[in-house]
Protein chains: 2
Amino acid sequence: MPSSRPLRADARRNREALLAAAREAFLADDDAHVEEIARRADVAVGTLYRHFATREALVAEVYRQEVAELCASPARLLAQYAPDEALRTFLLLLVEHAAVGRGMGEALESIMATDSPVFDDARDEMARALDELLAAGVAAGLVRSGISGRVVLRALGGICGMRAKGWKDDALRIATILYDGLRYGAANHG
Amino acid sequence: MPSSRPLRADARRNREALLAAAREAFLADDDAHVEEIARRADVAVGTLYRHFATREALVAEVYRQEVAELCASPARLLAQYAPDEALRTFLLLLVEHAAVGRGMGEALESIMATDSPVFDDARDEMARALDELLAAGVAAGLVRSGISGRVVLRALGGICGMRAKGWKDDALRIATILYDGLRYGAANHG
DNA sequence: ACTTAAACGGAGTCCGATTCACCTTATGGA
DNA sequence: TCCATAAGGTGAATCGGACTCCGTTTAAGT
């Protein structure tokens, strides 16, 4: 699909400006309007819609870039730490990235919570990253078996939705509980 | 506030019809429109807005009734089961109630995730219910100390937002992990 | 029955996402 | 270099859904 015809120069420039503007806008104030994003990118709304079918599609693309970066880390973490420590670190990284994406609001929660085909890639990629870490932990006998990355991902979905004042402290505590819960079974049962 | 003047008979009838209609509507299809809710209750939108300042306020009230019912259970559970079993059962009950509320959509997630003063009561009540169970567990040496009900509640917030197909199985698995994570510390540390 | 404060109805307003008919400009070939 | 033309850009108009406003109706006290 991306090989149909190489984008015209101005088109690529605008597309990238829009993505950058959107990322900025989401970081700054929660839930920026499309007009605001277009203004920041110095284009008209029509141009925004030429590149992204809906506001949500734009959010999804911005988020996909974040996710791609995050999902590159398991290999690195497993090379550097023991499997359980790698898992713990990844869960904490997830919290950091949630901090980055916090401003994306509801659309981001949709990524975590729905089966919308638009978001399948991002979800699959994160689930795969978690699977990788869980599998390594199970193989080493440090993590309980029978839990899929998808399940852990959903548990963490709640973290990303948090908008309250002390959210980050709470998010870190929750990540810790999950981590302990995941290790728990390794010692006692299957 | 509710003692300012006893509502007129037709007003009370309509208010109750609206709450019932809203509950029905939310159970049926996700995210029903205010016009639809008013139609089900056989009143005009203006009447809906006389009783509830915003759509969200209506959702909140419907949800508060659910929460009140749920929050009555800890005392009963503690009388019937050991503290850790009571906690486990309550977490599972929470999933059941999430099933009821699933259709309420984003507004419900807000209850869990924001500090909006509108939702303080519901959140406090659930946190209190969890505190009660956690405290009993800690006193019996069956649950780790240092975790507040508010934190557990936030971890569970993610469950309520789930709209994907296999959500309930996943939710139950997550509740189990949390439960194990909470017990974990009792044996090993704090 | 009469008064009147309370409640109701529902067309209209507001606000943000999305569309579309028309204008502008890269780009590749003569 | 210059033109043809299709890709790309524009922004006023449309649409959808929450919310408002004020004229009409009615419960309930006397």
Side-chain angles (χ1 to χ4, degrees), chain A residues 1-22 25-26 28-63 103-110 116 118, chain B residues 1-22 25-26 28-63 103-110 116 118:
Chain A
M1 293 325 188
S3 61
S4 49
R5 211 111 315 228
L7 273 185
R8 223 168 75 174
D10 57 344
R12 175 167 27 266
R13 225 180 307 120
N14 281 336
R15 181 174 216 282
E16 266 153 36
L18 280 163
L19 284 169
F26 292 143
D29 72 290
D30 259 40
D31 209 49
H33 300 170
V34 290
E35 302 268 8
E36 162 73 5
I37 294 170
R39 197 175 53 57
R40 275 185 193 245
D42 240 318
V43 299
V45 281
T47 301
L48 188 156
Y49 279 99
R50 169 168 298 279
H51 292 286
F52 305 97
T54 63
R55 187 195 129 95
E56 205 170 67
L58 171 57
V59 173
E61 183 55 26
V62 169
Y63 189 64
M104 295 183 207
E106 296 154 15
L108 210 164
E109 282 160 37
S110 303
S116 162
V118 184
Chain B
M1 291 334 184
S3 59
S4 49
R5 212 115 308 233
L7 275 184
R8 222 167 78 173
D10 56 346
R12 172 164 33 264
R13 224 181 307 121
N14 281 336
R15 188 188 157 79
E16 265 153 36
L18 279 164
L19 284 169
F26 291 143
D29 73 290
D30 258 39
D31 209 50
H33 300 172
V34 290
E35 303 267 6
E36 162 73 5
I37 293 170
R39 197 175 53 58
R40 276 187 192 242
D42 240 316
V43 299
V45 281
T47 301
L48 188 156
Y49 280 99
R50 166 166 300 277
H51 291 287
F52 305 97
T54 65
R55 188 194 128 96
E56 206 170 67
L58 171 57
V59 173
E61 183 54 27
V62 170
Y63 189 64
M104 296 185 206
E106 298 154 15
L108 209 164
E109 282 161 38
S110 303
S116 163
V118 185

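Chain letters run A, B, ... following the sequence lines, proteins first and then strands; every chain starts at 1. Below, all heavy atoms of this structure are taken into account, side chains as well, without hydrogens, waters or symmetry copies.
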Using a heavy-atom cut-off of 4.0 Å across all strands, would you classify A:V45 as base, sugar-phosphate, or nothing?
base
Earlier contact from the 5' end, DNA chain D, for B:A53 and B:A9
B:A53
For the residue pair A:I37 and A:A25, what are the closest heavy atoms and their distance?
CG1-CB, 4.1 Å
Spacing of CD belonging to A:E16 relative to NE2 belonging to A:H51, to within rounding of 0.5 Å:
10.0 Å
Integer-rounded Å distance: D:dA18 P and B:R39 CZ:
14 Å
Distance-only donor-acceptor test, A:R55 side-chain atoms vs C:dA17 base atoms, 3.5 Å
no
Taking for each residue the nucleotide of DNA chain D bearing the nearest heavy atom, is the 5' side occupied by A:R8 or by B:H33?
A:R8
What is the distance from CD of A:E36 to C1' of C:dC15, rounded to the nearest Å?
15 Å
To the nearest Å, give me how far apart CD (A:E56) and P (C:dG16) are.
18 Å
What is the distance, to the nearest angstrom, from the CZ atom on A:F52 to the C1' atom on C:dT19?
18 Å
To the nearest 0.5 Å, what is the distance between CD on B:E61 and CG on B:L18?
11.5 Å
Basic-acidic side-chain contact under 4.0 Å: B:E36, B:R40:
yes
Closest approach to the side chain of B:H51, judged atom by atom: which nucleotide of C:dC8, C:dT18, D:dG9 is it?
C:dC8
Is any side-chain nitrogen or oxygen of B:T47 closer than 4.0 Å to OP1 or OP2 of C:dA7?
no
In whole angstrom, give the distance that lies between atom OH of A:Y49 and atom C1' of C:dA17.
4 Å
Determine the contact category for A:V34: base if any of its heavy atoms lies under 4.0 Å from a base atom, sugar-phosphate if only primed atoms, P, OP1 or OP2 are that close, otherwise nothing.
base
If I take atom CG in residue B:L7 and atom C1' in nucleotide C:dA5, what distance separates them, rounded to the nearest angstrom?
14 Å
Using atom CZ of B:R50 as one end and atom P of C:dA5 as the other, report the distance to the nearest whole Å.
14 Å
What is the separation between atom CD on B:E35 and atom C1' on D:dG17, rounded to the nearest whole Å?
8 Å
When you check the phosphate oxygens OP1 and OP2 of D:dG8, does a side-chain N or O of A:N14 lie under 4.0 Å from one of them?
no
To the nearest 0.5 Å, tell me how far A:R55 CZ sits from A:H33 NE2.
7.5 Å
